[in-house]
Amino acid sequence: MRHVHHTPPPLSILTAHKHPHITSTSRHRFTPSRHKHLNFNNILQQTLIRSISKPIKIPTLSFLNLNPNDPSPHSPLNPSKTIKNPTKMSSLFFISSLIILWYSSNIGVLLLNKLLLSNYGFKFPIFLTMCHMSACAILSYISIVFLKVVPLQKIKSWSQFLRIGTLSIVFCGSVVGGNISLRYLPVSFNQAVGATTPFFTALFAYLMTFKREAWVTYCALVPVVTGVMIASGGEPSFHLYGFIMCISATAARAFKSVLQGILLSSEGEKLNSMNLLLYMSPVAIVVLLPAALVMEPDVIDVTVSLALKHRFMWLLLLVNSTMAYAANLTNFLVTKNTSALTLQVLGNAKGAVAVVISILLFRNPVTFIGIAGYSMTVMGVVAYGEAKRRYQ
């Protein structure tokens with residue numbers, strides 16, 4: 001019986017079935033003598049076919065994207081890579097300018113108060129406070145009603161007006177007490193005593209609202225009080241009456257902040273600090289004017305004589321009163337545009353800067369004990385603020 005040898009079809013034919021686009025000329029019959037050559041040829045054909053069937057990816061040069069409508073992050077036309085953000089730069093410049101103005105107005109009004117009350121012989125702290133309140137009333141009205149610095153908030157009831165009047169009287173007491181203390185105490189010691197405001201705030205908050213802080217917060221107040229006691233013992237220019245008035249002014253300032261939170265606690269009666277100043281200032285003038293005429297009867301005659309003797313007397317009063325308003329305005333704007341932590345740090349630094357400038361300007365004697373006591377007070381205030389921020 002004859003056996004027929006069947007030769008398997010060549011690989012080229014199988015490939016042609018899978019890829020019909022291969023022409024018949026590429027189909028060669030398989031022979032053993034050409035096995036190696038055809039095997040290599042078929043492999044090469046399959047490789048080429050796979051390469052042709054896949055899409056070709058052309059690498060792009062993203063840094064050459066010159067489309068102005070849609071610049072890529074690496075494009076030379078992308079403004080974020082070539083120009084700094086102008087909005088961020090202008091915001092940083094605005095906040096820096098506010099801080100500088102805040103420091104200048106606060107420290108300036110403090111030093112001018114000391115200059116007028118101690119060096120110029122203008123010994124009328126009640127009349128000086130009335131000048132401050134008059135400037136605050138006029139400039140607040142201009143800023144809110146005409147310049148629209150903040151929206152005008154109207155008083156809605158007589159009870160709200162009476163609450164504002166109460167706050168105004170307490171505010172007057174704190175400002176007058178602080179100005180009286182500047183007649184007898186140097187600015188450096190005045191600032192050291194004034195740094196105890198957090199102690200009185202925590203005390204009044206506990207007595208009036210039964211609000212309790214964490215024990216860590218109360219522990220932080222110990223160096224605040226201890227530092228003032230040390231600074232008092234080491235102060236060469238210590239004056240008992242001036243010290244009592246300074247402590248009283250500090251306590252009245254803390255009492256006013258707590259009382260404000262109680263009296264204006266409802267959402268419909270809350271006022272921002274600028275509108276509150278607008279309504280408190282006229283009430284303060286009404287209270288301070290008769291007090292100045294009764295307790296400082298010769299204020300007009302002495303002021304006129306000092307103005308004739310010192311030609312810049314009226315200018316100093318005008319600048320001082322304007323700075324008093326600017327201190328309130330910049331304090332409001334800095335509070336609005338910065339965080340609470342930033343405001344706390346800036347406030348502590350402001351007191352230290354005022355102490356240094358006053359020592360350089362007035363040349364009042366200081367001792368190592370006084371500096372150590374004030375430093376302890378400042379560190380206690382910083383620790384108190386940090387503890388209150390963490391454990392509130």
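- Using modelled atom types, one side-chain atom of Ser181 and one backbone atom of Gly178 make a donor-acceptor pair closer than 3.5 Å.
- The backbone N or O of Glu213 sits nowhere less than 3.5 Å from a side-chain atom of Thr217 that would complete a donor-acceptor pair.
- A distance of 8.5 Å separates OG in Ser273 from CG in Leu329, rounded to the nearest 0.5 Å.
- Taking both residues in full, the closest heavy atoms of Thr197 and Gly194 are given as OG1-O, 2.7 Å, listed atom of the first, atom of the second, then distance.
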* To do: Show your working on salt bridge (Lys or Arg N to Asp or Glu O under 4.0 Å) between Lys156 and Glu269 and close with a plain yes or no.
  => CA-CA 8 Å; Lys156 299 180 179 180; Glu269 295 184 348; over 6 Å; no
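- Nearest heavy-atom pair, Ala137 versus Leu278, reported as atom, atom and distance to 0.1 Å: O-CD1, 4.3 Å.
- Leu116 and Val176 end up in the same hydrophobic cluster when Ile, Leu, Val, Met, Phe, Trp and Tyr side chains are linked at under 4.5 Å.
- Between Ser140 and Leu277, the shortest heavy-atom contact is OG-CD2, 3.7 Å.
- Put simply, the side chain of Phe171 does not reach to within 4.5 Å of the side chain of Arg253, judged on heavy atoms.
- Thr377 places a side-chain N or O within 3.5 Å of a backbone atom of Val228 that can act as its donor or acceptor partner.
- When atom types are taken as modelled, the side chain of Asn275 and the backbone of Leu271 share no donor-acceptor pair closer than 3.5 angstrom.
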* Test Glu235 against Val366 for side chain to side chain contact (heavy atoms under 4.5 Å, CB included), laying out the working first. => CA-CA 7 Å; Glu235 176 57 47; Val366 293; 5.7 Å; no
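- At least one donor-acceptor pair under 3.5 Å links the side chain of Thr166 to the backbone N or O of Leu162.
- For Tyr184 and Tyr241, the gap between ring centers is short of 6.0 Å.
- Tyr391 and Ala214 make their closest contact through CB-CB, 3.7 Å (heavy atoms, listed as atom of the first residue, atom of the second, distance).
- Put simply, CZ on Arg163 and CD on Gln260 are 12.5 Å apart, with the number rounded to the nearest 0.5 Å.
- Tyr103 and Thr330 share no side-chain donor-acceptor pair at under 3.5 Å.
- Of the residues Leu117, Leu128, Leu317, Asn320, the one that meets the side chain to side chain contact (heavy atoms under 4.5 Å, CB included) test with Leu112 is Asn320.
- Test Ser358, Ser188, Ser237 against Asn364 for side chain to side chain donor-acceptor pair (under 3.5 Å) and you get one pass: Ser188.
- A donor-acceptor pair under 3.5 Å links the side-chain atoms of Thr367 to the main chain of Gly234, judged by distance alone.
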* To do: For side chain to side chain contact (heavy atoms under 4.5 Å, CB included), just list the numbers for Val222 and Met376, CA-CA rounded to whole Å, side-chain angles, deciding distance to a tenth of an Å, and then say yes or no.
  => CA-CA 10 Å; Val222 174; Met376 181 181 293; over 6 Å; no
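- A distance of 9.0 Å separates OG of Ser168 from CD1 of Ile285, quoted to the nearest 0.5 Å.
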* To do: Decide yes or no on side chain to side chain contact (heavy atoms under 4.5 Å, CB included) for Trp102 and Lys350, but give the supporting numbers first.
  => CA-CA 9 Å; Trp102 183 44; Lys350 178 173 64 67; 3.8 Å; yes
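- Side-chain contact check for Tyr141 versus Ser281: every heavy-atom pair is 4.5 Å or farther apart.
- A distance of 9.0 Å separates CG in Leu110 from CG in Asn179, rounded to the nearest 0.5 Å.
- The line from CG of Leu306 to CH2 of Trp314 is 9.5 Å long, rounded to the nearest 0.5 Å.
- Hydrophobic cluster membership differs between Phe210 and Leu221, with clusters built from Ile, Leu, Val, Met, Phe, Trp and Tyr side chains linked at under 4.5 angstrom.
- Phe124 has its ring centre less than 6.0 Å from the ring centre of Phe122.
- Between Phe189 and Phe238, the ring-plane angle classifies as perpendicular under the 30° and 60° cut-offs.
- Counting heavy atoms of neighbouring residues, nucleotides and ligands inside a 6.0 Å radius, atom NZ of Lys123 does not exceed 12 of them.
- In this structure, Met208 places its CE atom where more than 12 heavy-atom neighbours from other residues, nucleotides or ligands lie under 6.0 Å away.
- Annotation for Ile369: atom CD1 does not count as buried by contact number, only 12 or fewer foreign heavy atoms lying within 6.0 Å.
- In terms of modelled atom types and a separation under 3.5 Å, the side chain of Ser118 and the main chain of Leu182 share a donor-acceptor contact.
- Between Tyr218 and Trp215, the ring center distance fails the sub-6.0 Å criterion.
- Pairing each heavy atom of Gly261 with each of Ser265, the nearest pair is O-CB, 3.2 Å.
- Atom CE in Met313 sits 12.0 Å away from atom CG in Leu318 (nearest 0.5 Å).
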* Evaluate the criterion side chain to side chain contact (heavy atoms under 4.5 Å, CB included) for residue pair Ile169 and Val287; output intermediate values, then yes/no. => CA-CA 7 Å; Ile169 295 173; Val287 173; 4.2 Å; yes
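- Ring orientation note: the planes of His310 and Tyr120 are tilted relative to one another, at an angle of 30° to 60°.
- No donor-acceptor contact under 3.5 angstrom links the side chains of Asn331 and Asn328, judged on distance only.
- Residues Tyr206 and Phe255 share a hydrophobic cluster, clusters being chains of Ile/Leu/Val/Met/Phe/Trp/Tyr side chains in contact below 4.5 Å.
- When the side chains of ILVMFWY residues are joined at heavy-atom separations under 4.5 Å, either directly or via intervening members, Phe199 and Val382 end up in two distinct hydrophobic clusters.
- Ile107 and Leu360 fall into different hydrophobic clusters, where Ile, Leu, Val, Met, Phe, Trp and Tyr side chains are chained together by heavy-atom contacts under 4.5 Å.
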